[in-house]
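Each remark here refers to the structure printed beneath this line.
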Amino acid sequence: MLDQFKRVEYGDLALIAAAISIILLLAVFITVSIRSFLMPKAALDALAALPLDDSPPADSTAPPTHPSPTQP
């Protein structure tokens, strides 16, 4: 009964694909890290000042989804 099932052998192709994927992942990570470290301070400050969520459109008549801390 065990001779009915055979092990699939991928050979060197699986090892090459795994190595290439790890190398690409590391290359992208290092590239993004270096670009963020070399970004000018003014650009970092501008990105830090951006809001984390979208504000409602100005012409919207719907009430806000969360209460404002300035309301009594």
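Keep in mind that this is a model prediction, so the values were computed, not measured.
Taken from CG in Leu25 to CD1 in Ile30, the straight-line distance is 9.5 Å, to the nearest 0.5 Å.
Open room surrounds CG on Asp12; 12 or fewer heavy atoms of other groups in view lie less than 6.0 Å from it.
Placement of Leu47 and Leu52 in two distinct hydrophobic clusters is found when ILVMFWY residues are connected by side-chain heavy-atom separations under 4.5 Å, directly or transitively.
Residues Ile23 and Leu26 form no side-chain contact, since every pair of their non-hydrogen atoms from C-beta on lies 4.5 Å or further apart.
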